[in-house]
Every structure is written in C-alpha cells, then in structure tokens.
Amino acid sequence: MKCRMIMTVVFDKPFYKGVFERFVDDRYAAAEINLGTSLPKLRDIYRFILKRWNSIHFSSEEAYSIKVKKINPKRMQREAQKQVHAQFYGSKAQQALKADFEMRKQQSHRERQATKANHKRQKFEIRQLKKKQKHRGH
C-alpha cells in the first residue's frame, strides 16, 4: 500500500484555504479547509492537523492514473519558496494601508531632510556673523 498526502495553502479572496490531496494506491481524494483571513503560520497549520485531523471530510475517492515523478526535496523546497514570495498577500484594504504608510514615510523623510538642511544653514550664518563681529574690532 502506497500513501501520499499533499497540503497546499491558497489565497481565495478573502480567506486562506488549505487544500488536502490524498493518494492511496490508485485512489484520489481531496478536502478543503478554511484557515482564516491572514496568512497562517506553519505552527498553526501543524496544530490544526494534529488536533482536528479527524474532522476533515475528504471527497469520495476516485481512481487516478497520474504517474508521480520523484522530485528532489531541495528542489521542492525552492519551488515552494518561489510560490510563497511570488505574490503579495493581503486584502485591498491592507494594500491601500501599506501604500499610504509608504507615502507618509517618504514625506516625513523629505521633511526631516529639509529641517536638517535649514538648521545647518542657520548655524553657518551664525558662524559668519560671529566672524564678521570679531574682525570689526569689538
């Protein structure tokens, strides 16, 4: 008996969902669970699997004839990382808040630079005035 299980996390607006695929010999079954609106951490997924594995309802098993090609574990890990980092996770509201935050950050940076330059210019003018007063003979 040959068993294999795959779990994929997908973002199906507005929820993250876990898709389980179960391969037992020549039979295939699938199940889907809701993981919430924020990207689940690995420990949360493990905890869910350990505590609620019996509550996952798989579809009726069907015969399949897909040949499974063995993939190097490191290659599989690299491909998973590419998929994770390929797209931005979050709702439109989160993206809008992030864009607003970045805009305010750039604006405050420009204001700080202007204040710094103004302060430097004032110090230079004060030094020049002191230099002139010193040379006047006072």
Side-chain angles (χ1 to χ4, degrees):
M1 182 158 132
K2 191 174 181 182
C3 297
R4 189 169 70 124
M5 179 74 81
I6 297 174
M7 189 231 181
T8 309
V9 176
V10 293
F11 181 65
D12 186 18
K13 289 186 180 180
F15 300 103
Y16 285 92
K17 294 184 178 180
V19 179
F20 291 94
E21 296 175 277
R22 180 172 63 188
F23 301 88
V24 179
D25 289 335
D26 63 340
R27 309 301 283 171
Y28 171 79
E32 186 179 68
I33 58 167
N34 189 355
L35 297 172
T37 56
S38 61
L39 182 64
K41 294 190 177 3
L42 197 57
R43 66 172 184 247
D44 296 333
I45 294 171
Y46 284 145
R47 189 178 306 132
F48 179 86
I49 291 172
L50 289 173
K51 289 187 177 181
R52 295 181 40 196
W53 177 252
N54 293 332
S55 67
I56 298 174
H57 298 289
F58 283 88
S59 65
S60 59
E61 294 187 350
E62 301 173 4
Y64 77 99
S65 61
I66 299 172
K67 291 283 184 184
V68 179
K69 185 179 177 185
K70 195 167 188 177
I71 300 175
N72 185 329
K74 284 193 174 185
R75 180 180 300 277
M76 192 183 311
Q77 194 174 29
R78 278 195 302 264
E79 289 176 5
Q81 286 297 323
K82 282 181 187 177
Q83 289 177 359
V84 167
H85 295 295
Q87 45 186 285
F88 175 75
Y89 292 106
S91 64
K92 286 186 180 181
Q94 287 172 324
Q95 290 175 0
L97 288 172
K98 184 70 172 174
D100 184 51
F101 172 76
E102 290 295 328
M103 186 184 68
R104 283 187 284 124
K105 188 167 85 170
Q106 289 174 357
Q107 184 180 2
S108 67
H109 178 70
R110 283 193 298 267
E111 289 173 359
R112 267 195 320 273
Q113 292 296 333
T115 304
K116 209 178 204 182
N118 191 18
H119 183 68
K120 192 174 181 181
R121 185 181 49 78
Q122 286 177 349
K123 284 179 79 173
F124 177 75
E125 288 175 1
I126 290 171
R127 278 199 320 267
Q128 293 301 322
L129 282 174
K130 284 184 178 180
K131 200 187 286 185
K132 282 183 181 178
Q133 286 178 354
K134 186 177 181 183
H135 287 288
R136 282 185 136 193
H138 288 230

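What you see below is based on every heavy atom in this structure, not just the backbone, and it leaves out hydrogens, waters and symmetry mates.
The minimum heavy-atom distance between Thr8 and Glu21, with the atom names listed, is OG1-OE1, 4.5 Å. Residues Met1 and Asp25 approach most closely at CA-OD1, 3.3 Å, considering heavy atoms. In plain terms, the two heavy atoms of Gly18 and Met7 that are nearest each other are CA-CE, 3.9 Å. The minimum heavy-atom distance between Asn34 and Tyr16, with the atom names listed, is OD1-O, 3.4 Å.
Expressed to the nearest 0.5 Å, how far CD of Gln106 lies from NE2 of His109 amounts to 9.0 Å. Note: Arg75 CZ to Lys70 NZ = 14.5 Å, rounded to the nearest 0.5 Å. Note: Leu35 CG to Lys17 NZ = 10.0 Å, rounded to the nearest 0.5 Å. Going from atom CD of Gln128 over to atom CZ of Phe124 covers 4.0 Å, rounded to the nearest 0.5 Å. Here the OH atom belonging to Tyr28 is positioned 10.0 Å from the CZ atom belonging to Arg4, to the nearest 0.5 angstrom. Annotation: the span from Phe11 atom CZ to Ser38 atom OG amounts to 10.0 Å, rounded to 0.5 Å.
Arg121 is linked by a side-chain hydrogen bond (donor to acceptor under 3.5 Å, both in side chains) to Asn118, Glu125, counting only residues two or more places apart in sequence or in another chain.
Other residues, nucleotides and ligands contribute only 12 or fewer heavy atoms inside 6.0 Å of the CD atom of Gln77.
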After noting the C-alpha distance and the side-chain angles of Phe23 and Ile6, does the key distance pass the side chain to side chain contact (heavy atoms under 4.5 Å, CB included) rule? CA-CA 9 Å; Phe23 301 88; Ile6 297 174; 4.0 Å; yes
Full working for side chain to side chain contact (heavy atoms under 4.5 Å, CB included) between Arg112 and Lys116: CA-CA 6 Å; Arg112 267 195 320 273; Lys116 209 178 204 182; over 6 Å; no
Would Gln107 and Glu111 count as a side chain to side chain contact (heavy atoms under 4.5 Å, CB included) here? Give the steps. CA-CA 6 Å; Gln107 184 180 2; Glu111 289 173 359; 3.6 Å; yes
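With respect to the salt-bridge test (charged N to carboxylate O, under 4.0 angstrom), the residues Glu79 and Lys82 do not qualify.
Val19 and Val9 fall into different hydrophobic clusters, defined by Ile, Leu, Val, Met, Phe, Trp and Tyr side-chain heavy atoms under 4.5 Å apart, directly or through other members. Follow the hydrophobic side-chain contacts under 4.5 Å out from Val10 and you never reach Met5; the two are in separate clusters.
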